[in-house]
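Values below: all heavy atoms of this structure, side chains included; hydrogens, waters and symmetry mates excluded. If you're wondering where the values come from, they're calculated on a predicted model, not measured in any experiment.
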Amino acid sequence: NFTYYGAAGDSYANAGNLRMPEYNSYWRNNHLHLPEYTESIVSDLTASDQSLDALVVWADDRYGLSSGLPSFTPTLDPDEPLAVATMSLLDALGDAYDENAIRNDASDVPLVLQREIARVLQYVEAAIPYRNDALADMTIDQKLDDYYAGAHRVLVPCAGSVDGQVVSGNFANMVRAARLVATGIDDALANMPADLSGTYDFTVDASAGSIVVNDASAHTYDDRDYLLIVDTGGNDTYNAPAGANNSSSNGISVCIDLGG
């Protein structure tokens, strides 16, 4: 093992191999190097804490991959960016909707905020085909094992299916989907306006989860699927796993709470 990993004696010489799946067998054979592995994780996470995309890239590297960010440029409607982006996403999901209700509901949201939310929604829509492709040939047991029970493998070296096989399905496309969503969030936060004042409450229910945009009043989020929550402030109560998947149909969940 020391020869394979380029180590001499009992000191680790190649920090670049402190990742999966390469590190898996090495860790099992010499647990004394687990602190080095943990320190490398902390260092990488600290360096990436200002960018969601950087965190996804870090996880991708832990799996020994280099999945890349798909080329995508959002095109925002100049007059009704939130309504248009929402309806486009609903079309991609195959959902029926009331166009007039969506347009009317979105009109109260400040236009500068609409643009940044629409940006996120367009990146989410662009990510859906990659996520679907990643899961297309997987059984339900593989999905549950690899993306639920086995999600910790990004952080913790473990035995089993990680050896010789990263995960089932096209994991690189799952990473590409994550990078698209993360990039959309990063870009939106970087361009988020300071003044988000006003009274507005935009809610659209979709098959993949609700899309909610709220003003700075106090709000309560009940226990259901959320595709996107953007809350601009207030003393909010979350009775749902905001920003986390709540069901098998809620494949993407994003929560952006800007204050309160």
Side-chain angles (χ1 to χ4, degrees), residues 5-6 12-24 26-27 33-74 116-117 119-136 138 143 145-158 161-192 227-228 242-245 251-257:
Y5 287 100
Y12 201 84
N14 187 356
N17 281 325
L18 288 175
R19 63 169 68 144
M20 295 196 312
E22 293 96 326
Y23 188 61
N24 196 30
Y26 179 78
W27 173 76
H33 288 287
L34 185 58
E36 294 178 53
Y37 185 74
T38 305
E39 289 171 6
S40 73
I41 290 174
V42 172
S43 176
D44 288 346
L45 288 176
T46 301
S48 306
D49 67 356
Q50 298 302 311
S51 168
L52 285 176
D53 183 51
L55 290 175
V56 177
V57 171
W58 167 81
D60 191 35
D61 182 63
R62 285 282 163 188
Y63 273 110
L65 301 176
S66 182
S67 302
L69 175 65
S71 177
F72 176 72
T73 302
E116 301 317 315
I117 299 170
R119 188 190 310 276
V120 174
L121 292 175
Q122 287 197 1
Y123 272 100
V124 168
E125 181 180 338
I128 290 174
Y130 291 97
R131 180 182 182 275
N132 289 345
D133 181 75
L135 301 175
M138 298 176 67
K143 294 175 185 178
D145 181 58
D146 291 344
Y147 294 110
Y148 180 71
H152 64 284
R153 292 173 185 154
V154 174
L155 294 177
V156 182
C158 56
S161 62
V162 178
D163 278 329
Q165 177 187 5
V166 177
V167 287
S168 305
N170 188 339
F171 185 68
N173 270 350
M174 184 64 81
V175 173
R176 292 181 182 109
R179 289 200 64 184
L180 282 165
V181 175
T183 298
I185 297 171
D186 284 344
D187 288 355
L189 291 177
N191 293 283
M192 193 66 68
L227 175 61
L228 175 65
N245 310 116
I252 298 174
S253 184
V254 176
C255 178
I256 303 174
D257 193 319

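- In terms of heavy atoms, V120 sits closest to G184 at CG2-O, 3.7 Å.
- For the residue pair V181 and V254, the shortest heavy atom distance occurs at CG1-CG2, 3.9 Å.
- Heavy-atom minimum distance, A182 versus V56: CB-CG2, 4.1 Å.
- For the atom pair CG (L135) and CG (N173), the distance works out to 10.0 Å, reported to the nearest 0.5 Å.
- The CD1 atom of I252 sits 10.5 Å away from the CG atom of L228 when rounded to the nearest 0.5 Å.
- With hydrogens and angles ignored, the 3.5 Å screen pairs no side-chain donor or acceptor of D186 with any backbone N or O of S51.
- The nearest pair of heavy atoms linking Y123 to L180 is CD2-O, 3.2 Å.
- In this structure, the separation between CG on D133 and CZ on R176 is 9.0 Å, given to the nearest 0.5 Å.
- In this structure, C255 and G243 approach most closely via the heavy-atom pair CB-N, 3.6 Å.
- Taking R179 as the reference, D53 meet the salt bridge (charged side-chain N to carboxylate O under 4.0 Å, His left out) condition, with sequence neighbours excluded.
- At least one donor-acceptor pair closer than 3.5 Å links the side chain of N191 to the backbone N or O of D187.
- In this view, R119 and E116 satisfy the salt bridge (charged side-chain N to carboxylate O under 4.0 Å, His left out) rule, not counting sequence neighbours.
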